[in-house]
Amino acid sequence: MYASQWHAMRGFSRDPSVTKQRLKPGTVRRIAGYARPYRWDLAIFILAAALDAVVTVSYPVLLGVIIDKGILPKRTGVVLALAGVVVGLALFDAFLSIVQRYFTARVGEGLIYDLRTEVFGHVQRQPIAFFTRAQTGSLVSRLNSDVIGAQQALTTTLSSVVSSVLQLVLVLIAMFYYSWLVTVIALLLVPMFLIPARLVGRRLQRLTRESMQLDAAMGSTMTERFNVAGAMLVKLFGKPDTESRVFAGRAAKVRDIGVVQAMYGSALFIALTLLASLSTAVVYGVGGKLVIDGVFQVGALVSMALLLQRMYGPITSLSNVQVNVMTALVSFDRVFEVLDLRPLIEDKPGAVPLVLAGQQNGSAPGPPADIVFDHVSFRYPAASEVSLASLESIALPQPERTGANLGVLHDVSFTAPAKRLTALVGPSGAGKTTITNLVSRLYDPDEGTVRIGGYDLRDVTQDSLHDAVGVVTQDAHLFHDTIRANLAYARPGATGQELIDACRAAQIWDLVSVLPDGLDTVVGDRGYRLSGGEKQRVALARLLLKAPAVVVLDEATAHLDSESEAYVQRALKTALSGRTSLVIAHRLSTIRDADQILVIDNGQIRQRGRHEELLAAGGLYAELYRTQFASQEPAALA
């Protein structure tokens with residue numbers, strides 16, 4: 001009885017608003033597709049659940065028979081024989097419970113694995129624009145809460161429905177067999193059993209929803225303050241006491257609503273227990289009178305009382321089945337929503353591998369790795385093209401934010417010669433990073449073509465393109481792992497000596513070699529245990545280990561001090577040697593020796609040439625140069 005009361009409270013705390021949500025057509029069919037590999041496991045699981053329901057109903061009947069046929073007539077043999085049957089059923093029921101748990105685990109965990117790996121792989125194929133909009137916590141929720149909620153449709157909910165229906169049918173048959181009058185009276189008490197649960201349940205639903213929101217707010221506070229950047233901000237501004245008070249306030253709300261939930265839950269539990277006791281008393285009262293009148297025997301009365309306890313649980317469970325099933329189906333629908341978001345960048349049918357001269361991948365040398373932009377125009381995609389409103393912390397209303405659909409590049413054409421350094425300069429927001437993003441095919445142009453080695457990037461496989469193109473950004477990201485693991489991410493099969501050689505070339509081995517754990521030193525969250533210059537040099541070592549034919553640097557020295565920049569510049573000479581290089585630089589002194597400088601402004605190339613030519617020609621480049629070195633002596637500008 002206690003288990004059924006717990007399930008009642010769990011069901012009544014579910015939000016019934018999910019039943020009003022519309023599922024996409026074909027959702028149930030898709031769910032069946034995921035269940036198909038586990039159909040035999042499900043069949044055994046359902047059979048075990050059905051047999052368990054039969055055994056559950058058999059106990060009261062057998063106990064009544066023991067009383068009427070064995071104890072009252074004082075027939076010891078019958079008592080012992082039927083007691084042995086009860087023991088056998090108990091053992092069989094225990095076996096069925098193990099079978100159900102095993103196959104529940106197989107189906108449930110298998111389904112969770114299938115959905116999680118599919119969603120993870122699908123999300124990994126989304127364009128970078130998707131990640132700039134989607135809230136990380138919402139994505140993680142899809143992989144955790146929604147996936148677990150989805151698998152419950154094929155395990156917990158399915159088992160509950162099958163077991164409850166069969167158990168209720170068998171209980172009613174047995175009770176009507178013993179006495180239709182007592183059974184009808186018991187059924188008339190059902191509303192008294194459900195109405196209080198409904199009344200308290202509505203309040204519990206509101207409290208559950210509010211509790212989840214308060215938990216999310218408290219969790220968000222912890223997440224933001226416990227990462228390195230948030231913790232540093234708190235310490236730099238000296239607000240730990242304020243943060244403690246804010247957190248204490250939010251934790252207090254969670255505490256208070258938890259107390260209220262506990263009281264309502266306790267009230268519901270007590271109400272269900274009280275009503276079950278009252279209904280049992282009514283059955284004993286009416287049934288006892290019938291026993292005295294000789295309508296049926298004492299054993300039958302005991303059986304009916306026990307059967308009654310097994311009737312209200314299934315009724316309560318089935319009264320909530322719509323909410324439970326729809327909750328599971330909505331979870332499936334939210335998972336499918338992510339899986340149905342088609343990646344903006346995909347390999348076209350018949351895409352070919354890109355192999356370039358200078359690329360160390362064991363293949364025959366391909367064509368020189370020149371980069372060509374041929375009348376390229378581009379705008380960043382709108383939110384509706386790359387994301388889902390439900391994955392964003394703040395969904396923008398339609399129409400999209402002003403300027404979101406305006407073009408970023410306008411008819412850009414240039415050639416970056418193979419094995420030469422081409423620099424991109426210009427004011428912030430001019431389109432320089434967008435150009436480098438198109439080279440690594442984080443986006444596709446709306447008009448025109450981007451080619452490397454004569455290949456249109458839309459005609460080659462993304463894996464081969466990423467092997468051929470290496471990128472280092474101004475904020476190099478390192479995983480919370482060892483230096484060895486972060487380096488080997490570029491080439492998993494690299495030997496220890498190759499890792500050391502890459503570190504030496506990147507001017508970082510002198511530091512790594514004196515660390516207590518060497519290459520096995522953990523760099524911390526996002527590499528925060530290393531300085532900015534050290535992170536950049538580890539990133540360059542990773543690039544050198546990859547050995548790409550094309551190198552893209554997006555302001556790799558923008559935020560470094562003079563000493564770190566000197567180290568990185570020496571490492572860059574090795575990294576760029578013999579490779580086609582496309583470099584964004586705000587410090588114009590770092591690209592004086594570039595083979596070609598492209599001056600980008602407002603999404604167009606305004607000037608192109610070498611350093612001296614552009615200075616002599618005047619214009620935007622000379623203005624940027626004079627502005628950057630205005631504080632220095634005039635002689636330094638020569």
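Residues take their numbers from the sequence shown, with the count starting at 1. As the structure is a computational prediction, the values presented were derived from the model and not from experiment.
- Within the 4.5 Å cutoff, the side chain of Val291 has no heavy atoms near those of the Gln297 side chain.
- Distance check: Tyr443 OH to Tyr380 OH gives 5.5 Å after rounding to the nearest 0.5 Å.
- The ring-ring contact (aromatic ring centres under 6.0 Å, His included) check on Phe479 picks up His477, Tyr489, with sequence neighbours excluded.
- Using a 4.5 Å heavy-atom cutoff, the side chains of Leu339 and Phe336 are in contact.
- The structure places OG1 of Thr56 at 5.0 Å from CD of Gln167, a figure rounded to the nearest 0.5 Å.
- Expressed to the nearest 0.5 Å, how far CZ of Arg116 lies from CG of Leu111 amounts to 10.5 Å.
- Judged by distance alone, the side chain of Arg39 and the main-chain N or O of Arg36 form a donor-acceptor pair under 3.5 Å.
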Using the rule given for side chain to side chain contact (heavy atoms under 4.5 Å, CB included), can you reason through Val523 versus His480, listing the C-alpha separation, both sets of side-chain angles and the distance that settles it, and then say yes or no?
CA-CA 6 Å; Val523 300; His480 184 47; 5.8 Å; no
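- Remark: Leu82 pairs with Leu62, Val65, Ile66, Val78 by the side-chain contact (heavy atoms from CB on, under 4.5 Å) rule, at least two apart or across chains.
- With sequence neighbours excluded, the residues satisfying side-chain contact (heavy atoms from CB on, under 4.5 Å) with Arg106 are Asp41, Tyr102, Phe103.
- Every pair tested for salt bridge (Lys or Arg N to Asp or Glu O under 4.0 Å) that includes a residue from residues 266-288 fails, sequence neighbours excluded, so the list is empty.
- Ser179 is listed as a side-chain neighbour of Leu290, based on a closest heavy-atom distance under 4.5 Å.
- Here the CE atom belonging to Met304 is positioned 12.5 Å from the OH atom belonging to Tyr177, to the nearest 0.5 angstrom.
- Checking Tyr113 against Glu118 by side-chain atom types alone, no donor-acceptor pair falls below 3.5 Å.
- When only modelled atom types and interatomic distance are considered, Gln126 and His122 share a side-chain donor-acceptor pair under 3.5 Å.
- In this structure, the salt bridge (Lys or Arg N to Asp or Glu O under 4.0 Å) partners of Asp444, at least two apart in sequence or on a different chain, are Arg441.
- Note on residues 61-84: no pairs pass salt bridge (Lys or Arg N to Asp or Glu O under 4.0 Å), not counting sequence neighbours.
- Heavy atoms from other residues, nucleotides or ligands lying under 6.0 Å from CZ of Phe176 number more than 12.
- Within the 4.5 Å cutoff, side-chain heavy atoms of Tyr178 are placed close to those of Val61.
- The minimum heavy-atom distance between Arg310 and Pro314, with the atom names listed, is O-CD, 3.0 Å.
- The side-chain contact (heavy atoms from CB on, under 4.5 Å) test with Asp93 singles out one residue from Val54, Asp52, Ile98, and that residue is Asp52.
- Taking 4.5 Å as the limit, some side-chain heavy atom of Thr76 sits within range of a side-chain heavy atom of Leu80.
- Closest approach of Gly64 to Ser303, counting heavy atoms only: CA-OG, 3.0 Å.
- Here the shortest heavy-atom pairing between Val99 and Ile44 reads CG1-CG2, 4.2 Å.
- Here Asp520 pairs with Arg484 under the salt bridge (Lys or Arg N to Asp or Glu O under 4.0 Å) rule; sequence neighbours left out.
- One finds the CG atom of Asp463 at 7.0 Å from the CG atom of Asp347 (value rounded to the nearest 0.5 Å).
- Proximity of Thr482 to Asn486: side-chain heavy atoms (C-beta onward) are nowhere separated by under 4.5 Å.
- A heavy-atom distance below 4.5 Å is found between the side chains of Leu344 and Pro381.
- For the ring-ring contact (aromatic ring centres under 6.0 Å, His included) test, no residue two or more places apart in sequence or in another chain qualifies with Tyr59.
- Shown here are the side-chain contact (heavy atoms from CB on, under 4.5 Å) partners of Lys348, two or more places apart in sequence or in another chain: Ala351, Asp459.
- Checked against salt bridge (Lys or Arg N to Asp or Glu O under 4.0 Å), Glu346 has the following partners two or more places apart in sequence or in another chain: Arg342.
- Nearest heavy atom pair, residue Ser163 against residue Ala53, reads O-CB, 3.8 Å.
- The OH atom of Tyr34 lies 8.5 Å from the CG atom of Asp114; values are rounded to the nearest 0.5 Å.
- Counting only residues at least two apart or on different chains, the salt bridge (Lys or Arg N to Asp or Glu O under 4.0 Å) pairs with a member in residues 275-303 are Lys289-Asp293.
- The minimum heavy-atom distance between Pro37 and Gly33, with the atom names listed, is CD-O, 3.5 Å.
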Run the numbers on Val161 and Val165 for side chain to side chain contact (heavy atoms under 4.5 Å, CB included), then give the verdict.
CA-CA 6 Å; Val161 170; Val165 168; 4.3 Å; yes
Side chain to side chain contact (heavy atoms under 4.5 Å, CB included) between Met311 and Leu187, intermediate numbers included:
CA-CA 9 Å; Met311 182 179 72; Leu187 290 174; 4.0 Å; yes
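- Exactly one residue among Thr183, Leu308, Ile185, Leu306 makes a side-chain contact (heavy atoms from CB on, under 4.5 Å) with Val283. That residue is Leu308.
- Checked against side-chain contact (heavy atoms from CB on, under 4.5 Å), Phe92 has the following partners two or more places apart in sequence or in another chain: Leu51, Val55, Phe95, Leu96.
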